[in-house]
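Below is one structure, written out as structure tokens; comments come after it.
In this text, all values refer to a predicted model and were calculated from it rather than measured experimentally. Chain letters run A, B, ... following the sequence lines, proteins first, then strands; residues in each count from 1.
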Amino acid sequence: MVHSSPNITLEEGAAPLLRWYDACRRPFPWRETNDPYAVWISEVMLQQTQAARGVEYHRRWMRIFPTLRSLAEAEDDDVLKAWEGLGYYSRARNLLRAARLLQARGLATLPASFEELRALPGIGPYTAAAVASIAFGLPVPALDANGKRVFSRLLDLEEPVDRRAGEKSVLRAFVQMLPADRPGDFNSAIMELGATLCAPTSTLCGECPLEFLCLARLRGSALERPVLSRQTKSESLEGILAVFVSGDRVFLRRRPPAGLWANFEEFPWSAPPAEQESPLTELARRSNADCDGEVRCSFTKWRLRLAVRIVRLHAPGDLENMNGRWASPSELAAATLPAGSRKMRERLFGEGTIPPPPPS
DNA sequence: GTCCAGTCGT
DNA sequence: ACGACTGGAC
């Protein structure tokens, strides 16, 4: 049954989730122990390895280096040998560095606080929270990619989870559901859910213990979550933005009926190869008008810095063959413009280059 | 070939 | 905030 009550809160998810985890969790060796050292090793290994593949490495590692002390006293080469095949060897080196650091401080085990764990080499927010909760029972959320996926679906979150706002939303929900009595099992259960039922490109919602409070399930949007912000690298371009002025009117060109910003009006601009030079921008470039600051804007993958040229024409007819119009101040104010031109319009009105029309 | 994952270095 | 690391999944 989906959403039998309109007043379901996230807290109600913890108990069913833990019941499901108790019944269905996969029996990994690191789940048989609360030894902080064993938990730490497993979390670092699992950062880049599927759990099934990590099992043998973890068993072997615990046989060769069964305690924090044995690791701290090990030879570099032996440690790297035990890691061989897992890749990301800096993580093995960080394990060793951390073990020796603790040994040098006279500590026989890992510190039982999120902040102290977080300060060790190779331990970031995720690993610190995982060890703190699983080994020490501290109520901190261990948020990894699984958790981001699960909670972005529970909330049907449209914010990108790889941006600050989206991650904050996810963490808020996570902490709200996190039970004080079994935080470690809860963190493991969220990750187990993401690894088995709530996978990136397939879901088994019918078996999910949180189906009853999942908004994405309700709306059929599970596979659209999580939303990620654009990862494509942006490219910086320099170009020109032309403001033709005649009296109190400015020239707005109309964009072609297809493609980027189809049919929009805007100040003529160019920034090859994102936007080719046009007769208008060439005219502005060749005019002796001084540059008057710049406008920055970005779209798709481009980041633009456009040098502003204000070109005063005494005979507006010079542009009569161009596709566009001479806009009065009120027409300019009413026009629908893309972001860059909008910034330019604000500046023209703000600096009094064009008299701002009275507010309608 | 492209995307993804925690942490570190910049 | 962004790329490097590195191997696996797709």
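Look at CG on A:N146: it is 13 Å from C1' on B:dG6, rounded to the nearest Å. Look at CG on A:L46: it is 15 Å from P on C:dG8, rounded to the nearest Å. Rounded to a whole Å, the CZ atom of A:R91 is 16 Å from the P atom of C:dA4. To the nearest angstrom, P of B:dA5 lies 8 Å from CZ of A:R149. The separation between A:D162 atom CG and C:dA1 atom P is 11 Å, rounded to whole Å. Straight-line distance from the OH atom of A:Y57 to the P atom of C:dG7: 11 Å, rounded to whole Å. Between the CG atom of A:L228 and the C1' atom of B:dA5 there is a distance of 12 Å, rounded to whole Å. Per the geometry, CG belonging to A:L86 stands 12 Å off C1' belonging to C:dG8, to the nearest Å.
Looking at heavy atoms from C-beta onward, A:D185 lies in side-chain contact with A:R25 at the 4.5 angstrom threshold.
At least one side-chain nitrogen or oxygen of A:T127 sits closer than 4.0 Å to the OP1 or OP2 atom of B:dT7.
Distances from the side chain of A:Y126 to the nucleotides B:dT7, C:dG8, B:dA5 place B:dT7 closest. Of the listed nucleotides (C:dA1, C:dG7, B:dG6), C:dG7 has the atom at the smallest distance from the side chain of A:Y89.
Checking A:S221 against A:E224 by side-chain atom types alone, no donor-acceptor pair falls below 3.5 Å. For the 3.5 Å distance criterion, the side chains of A:R97 and A:N94 qualify, holding a donor opposite an acceptor.
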Please list each protein N or O that sits under 3.5 Å from an N or O in nucleotides 8-10 of chain B, with the distance.
unit_1	atom_1	unit_2	atom_2	d
B:dC8	OP1	A:G122	N	2.5

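Cluster membership for A:L46 and A:V44, using ILVMFWY side-chain heavy atoms within less than 4.5 angstrom, is not shared.
Remark: A:R93 CZ to A:L80 CG distance equals 5.5 Å, nearest 0.5 Å.
A:T201 comes within contact range of no nucleotide atom at all, as no heavy-atom separation falls under 4.0 Å. Across all strands, A:R164 comes closer than 4.0 Å only to sugar-phosphate atoms, never to a base (heavy-atom distances).
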Return all side-chain donor-acceptor pairs below 3.5 angstrom for residues 193-209 of chain A, not counting sequence neighbours, or 'none' if the list is empty.
unit_1	atom_1	unit_2	atom_2	d
A:T196	OG1	A:E192	O	2.7

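When each of A:F65, A:W61, A:Y57, A:W30 is checked for a side-chain contact (heavy atoms from CB on, under 4.5 Å) with A:I41, only A:W61 meets the rule.
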